[in-house]
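Proteins come first, then strands; the chains are lettered A, B, ... in the order of their sequence lines, and each starts at number 1. Not measured: the values here are computed from a predicted model.
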Amino acid sequence: MRWSQSFLPTLRDDPAGAEAASHILMVRAGLIRQLGAGLYSYLPLATRVMARIEAIVREEMTAIGGQELRLPALHPAEIWKESGRWDQVDATLFRLQDRRGADMALAMTAEEVFTSIARDDLASYRLLPQIWYQIQPKFRDEPRPKSGVLRGRQFLMKDSYSFDLDEAGLAESFQKHHDAYRRVYERCGLEPIPVEASSGTMGGSESVEFMAVCDAGEDWIVTCDGCGYAANLEKATSRHGGCGEADDPDSCPAPEKFATPDQRTIEELAQAFDFAPATRQIKTLVQVVDGQPVLFLLRGDYELNDVKQADALGTTDQRPARPEEIEKVLGAQAGSLGAVGVEEIEVYADESLRGRRGMVTGANEDGFHLRHVDVERDLPQVKWVDVRSVVEGEGCSNCGEPIALKKTIEIGHIFKLGVRYSEPMRARVLTAEGKETPLVMGSYGIGIDRIMAAAIEAHHDDDGIVWPKSIAPFDVVVSPVKMKDEVQRDAAEKLYAELREAGFEVLLDDRDERPGVKFKDADLIGVPFRIVPGPRALVNGNVEFVTRGDRSGEKEEVPLGDVVEELRRRLA
RNA sequence: CGGGGCGUAGCGCAGCCUGGUAGCGCGCUUGCUUCGGGAGCAAGAAGUCGCCGGUUCGAAUCCGGCCGCCCCGACCA
């Protein structure tokens, strides 16, 4: 492609309102323009990159037996009602009505549509397993779109769906996807960490998220260098030892009320009383779950993790109680709450409190707390759950090594759905024994544009993008220093023709611009190799060969006649 | 949804407090000079000042309402 004829609108200044590196660079390098919140137009450079990512995804899907289909992105509400998700997923699903007033939805995933095809046309176990996929825009009415393409309201996703006869088959399809995804990421220059995750509203038994470490990320994951353990913070566990259990008394006297007129927070209480460090306090939180007040107890220094809470109670209808609700339920204000003697409402205690003695908690009377609390003895009514967020540096629950927290972005998510969709939608096949059995399904998503943005997050420098060779919009850019110089122009044109002939994607910067502008632009758009037929090298029959991102400062020269071979070697 | 900020030329911004008919840099067009890391000079094109209403002789500026976008939080397959 000739730069002078191309639509490559690069910008000198950072756009206002962009913070993430990938967002800034995608705008500056002319990959995207914003249309609205979370809505981006992809310009030619971006479509080139995405086409290459899609090609990699297609190859790897084909390699595991995937077959490409293309389904409507506009769905009648009926199938969403059939699966139950119409009422389950709430606001993130874009809903609309057609001219007759019929409810419709824009695809956020396509379990229902794929399942509807499977139930009509997969009738026998003989046809299983099947892996079907599509690459299609998806829509989600995000509460807060952000970071450019990293969290948009419309995005491009490869979603696939597996149909098996039984759990063993599903395990195989799931593993195939796991392996295929790893290959896709590796080929795209990414090294995401697979973690166990919460399945959320997708349903199903097990899911793995692929998380790319990234400054602009929004999910925290927990990793362990010792054993390779990795999990989403929403699911991670750890050893909470070394925090006071050892000092617990073997037995303690009956709970004793003491005055705490000026101590309303965990910290104030810890400051005022030696016997009440945060690790010895019981934090009491009131949540309203499915409209009913519920108590959660945690060690004083731990945080309630709301996703774990949702998983533990099996509902997402939850919110912190308002002050007046708390007062009504417990008779005291936040700051003096406790669960001792509370019987009318459900009490859930985090595992970190199990067996603790000599604890301090609120007395449900403003200005008073209780000491000498023995959890097993004084809180017999509690149900044990894991609802706390783990903390950096705690011992790994597998091997005890200290765990680390990392900020990441999700670039793929694979689910074992089981019969979550096939059961309500009655998608069944006949077994070899002639019995009807529901299809056992999996679903697998991978974000095409998110991979593109994540690759930029992982590969850029002060000058711009540094594309991995496999997904770069061009293999090489030819940048003559001075296009009006006949010798340079002829050399550039000859190289352009030769390189294209050899099968490379070539960008010829034939603009009548000063060299500084050309070099800056070339760096910004991140093409892996730049060939400069300039006066200095040409006198020796050479061209400069510059590798993007190579900071060694060495200028390499290559004989004109060897350029094709050299590039072939380096792109291999 | 709660809190904060911002909407003025394609992009980045000033002007608004203290009302008088819109400006700077980049980019763009033309010419001349220049030519190895975002050149210089000169001339030029380009703006419903987010929208609606109000106050006023007069509104980018003051008042009210609405819309949009960004950030923090809540939320998030």
Exercise for the section: Scan A:Q488 against the nucleic acid and name what it touches under 4.0 Å (heavy atoms): base, sugar-phosphate only, or nothing. Expected result: nothing
Practice task
Indicate the ring-plane relationship of A:H178 and A:F174, choosing parallel, tilted or perpendicular according to the 30° and 60° boundaries.
Solution key: tilted
Handout entry: Candidate pair A:L31 and A:M452, rule side-chain contact (heavy atoms from CB on, under 4.5 Å), full reasoning
Key = CA-CA 10 Å; A:L31 274 77; A:M452 171 166 63; 4.1 Å; yes
Problem - A:E142 CD - B:C71 P separation (whole Å) - result: 13 Å
Handout entry: Watson-Crick or G-U wobble partner of B:C1, both distances under 3.5 Å
Key = B:G73
Exercise for the section: Report the base-pairing partner of B:U48 (Watson-Crick or G-U wobble, both distances below 3.5 angstrom), or none. Expected result: none
Handout entry: G-U wobble or Watson-Crick pairing nucleotide for B:G7 (cut-off 3.5 Å, both distances)
Key = B:C67
Completion exercise
A:Y496 meets the ring pair (Phe, Tyr, Trp, His ring centres under 6.0 Å) criterion, sequence neighbours left out, with none
Exercise for the section: Round to the nearest Å and state the distance from A:D306 atom CG to B:G73 atom C1'. Expected result: 12 Å
Problem - Residue list, side chain to side chain contact (heavy atoms under 4.5 Å, CB included) with A:P515, at least two apart or on another chain - result: A:V481, A:F519
Handout entry: Below 4.0 Å: OP1/OP2 of B:C26 and any side-chain N or O of A:R12
Key = no
Handout entry: Presence of salt bridge, A:R153 and A:E142, under 4.0 angstrom
Key = no
Exercise for the section: Sticking with atom P, work out how far B:C1 lies from B:A9, rounded to a whole angstrom. Expected result: 29 Å
Exercise for the section: Under the salt bridge (Lys or Arg N to Asp or Glu O under 4.0 Å) rule, what do A:E82 and A:R119 come out as? Steps first, then yes or no, please. Expected result: CA-CA 13 Å; A:E82 263 190 78; A:R119 82 171 149 195; 2.7 Å; yes
Practice task
For the pair A:D490 (side chain) and A:E493 (backbone), establish whether a donor and an acceptor sit closer than 3.5 Å, ignoring hydrogens and angles.
Solution key: no
Any protein N or O atoms within reach of nucleotides 8-13 of chain B? Criterion: under 3.5 Å, listing atom names and distances.
residue: B:G12; atom: OP1; partner: A:A16; partner atom: N; Å: 3.4

Practice task
Report which part of the nucleic acid A:Q34 touches: base, sugar-phosphate, or nothing (heavy-atom distance under 4.0 Å, all strands).
Solution key: sugar-phosphate
Handout entry: Residues in contact with RNA chain B, drawn from residues 529-538 of chain A - heavy-atom cutoff 4.0 Å
Key = A:R530, A:G534, A:P535, A:R536
Fill in the blank from the handout: Regarding the side chain of A:R144, the nearest nucleotide among B:C70, B:A74, B:G36 is B:A74
Fill in the blank from the handout: Contacts of A:W220 meeting side chain to side chain contact (heavy atoms under 4.5 Å, CB included) (sequence neighbours excluded), chain-then-number -> A:L233, A:L405, A:K407
Problem - Side-chain donor/acceptor contact of A:D521 with base of B:G38 under 3.5 Å - result: yes
Exercise for the section: Using whole Å, report how far CH2 of A:W220 lies from P of B:G73. Expected result: 11 Å
Handout entry: Electrostatic pair A:R388-A:E303, nearest N-O below 4.0 angstrom
Key = no
Handout entry: Pairs where residues 472-486 of chain A contributes a residue and the test salt bridge (Lys or Arg N to Asp or Glu O under 4.0 Å) is met, not counting sequence neighbours
Key = A:R52-A:D475, A:K484-A:D512
Problem - Pairwise C1' distance for B:U21 and B:C49, with rounding to whole Å - result: 12 Å
Practice task
Rounded to the nearest angstrom, tell me the gap between atom CE in A:M483 and atom C1' in B:C35.
Solution key: 15 Å
Practice task
For the pair A:W467 (side chain) and A:I525 (backbone), establish whether a donor and an acceptor sit closer than 3.5 Å, ignoring hydrogens and angles.
Solution key: yes
Exercise for the section: Would you classify A:E19 as touching base, sugar-phosphate or nothing, given that sugar-phosphate means primed atoms plus P, OP1 and OP2, and contacts are heavy atoms under 4.0 Å? Expected result: sugar-phosphate
Problem - Test ring pair (Phe, Tyr, Trp, His ring centres under 6.0 Å) applied to A:Y133 - qualifying residues, sequence neighbours left out - result: none
Exercise for the section: Spell out yes or no: do the side chain of A:R28 and the base of B:G38 have one donor N/O and one acceptor N/O closer than 3.5 Å? Expected result: yes
Practice task
Using a cut-off of 6.0 Å, state whether more than 12 heavy atoms not belonging to A:E325 lie near its atom CD.
Solution key: yes
Less than 3.5 Å apart, which donor and acceptor atoms pair up between the side chains of residues 526-542 of chain A and the rest of the protein, not counting sequence neighbours?
residue: A:R530; atom: NH1; partner: A:D523; partner atom: OD1; Å: 3.4
residue: A:N542; atom: ND2; partner: A:E557; partner atom: OE1; Å: 3.0

Fill in the blank from the handout: Rounded to whole Å, CD1 of A:I525 lies from C1' of B:G38 at a distance of 15 Å
Practice task
Please report, rounded to the nearest Å, how far the C1' atom of B:C71 is from the CD atom of A:E218.
Solution key: 14 Å
Handout entry: Pairing partner (Watson-Crick or G-U wobble, both distances under 3.5 angstrom) of B:A22
Key = none
Handout entry: Separation of atom CG in A:D462 from atom P in B:G38, rounded to whole Å
Key = 15 Å
Handout entry: Pairwise C1' distance for B:G65 and B:G25, with rounding to whole Å
Key = 35 Å
Practice task
Under 4.0 Å from any atom of RNA chain B, heavy atoms only: list the residues of residues 73-80 of chain A that qualify, in numerical order.
Solution key: none
Exercise for the section: Taking atom C1' in both B:C51 and B:C69, compute the distance separating them and give it to the nearest angstrom. Expected result: 15 Å
Problem - For B:A39, the Watson-Crick or wobble partner whose two distances fall under 3.5 Å - result: B:U33
Problem - P spacing across the pair B:G27 / B:G38, given as an integer number of angstrom - result: 12 Å
Are there any protein N/O atoms within less than 3.5 Å of an N/O atom in nucleotides 31-34 of chain B, and if so, which ones and at what distance?
residue: B:U34; atom: O2; partner: A:R514; partner atom: NH1; Å: 2.9

Fill in the blank from the handout: Note: for A:K520 and A:E513 on RNA chain B, the residue whose nearest nucleotide lies more 5' is A:E513
Problem - P spacing across the pair B:G47 / B:U55, given as an integer number of angstrom - result: 30 Å
Exercise for the section: Classify the angle between the aromatic ring planes of A:F139 and A:F94 as parallel (below 30°), tilted (30 to 60°) or perpendicular (above 60°). Expected result: perpendicular
Problem - Closest to side chain of A:K146, choosing from B:G38, B:C72, B:C75 - result: B:C72
Handout entry: P spacing across the pair B:C57 / B:G15, given as an integer number of angstrom
Key = 28 Å
Exercise for the section: Please determine, for the side chain of A:F519, which listed nucleotide (B:G38, B:G36, B:A74) has the closest atom? Expected result: B:G36
Handout entry: A:D14: side chain to side chain contact (heavy atoms under 4.5 Å, CB included) partners, not counting sequence neighbours
Key = A:I24, A:R28
Practice task
Counting Watson-Crick and G-U wobble pairs only, both distances under 3.5 Å, name the nucleotide matched with B:C62, or none.
Solution key: B:G54
Exercise for the section: Could you check which of B:C71, B:G38, B:C35 has an atom nearest any side-chain atom of A:P515? Expected result: B:C35
Exercise for the section: For A:A20, enumerate each residue passing the side chain to side chain contact (heavy atoms under 4.5 Å, CB included) test, keeping only those at least two apart in sequence or located in another chain. Expected result: A:S22, A:H23, A:S147, A:A216, A:E457
Exercise for the section: Using the C1' atom as the reference point in each nucleotide, state the distance between B:C62 and B:G20 in Å, no decimals. Expected result: 14 Å
Handout entry: Whole-Å gap separating C1' (B:G37) and CG (A:D523)
Key = 8 Å
Practice task
Report which part of the nucleic acid A:M157 touches: base, sugar-phosphate, or nothing (heavy-atom distance under 4.0 Å, all strands).
Solution key: base
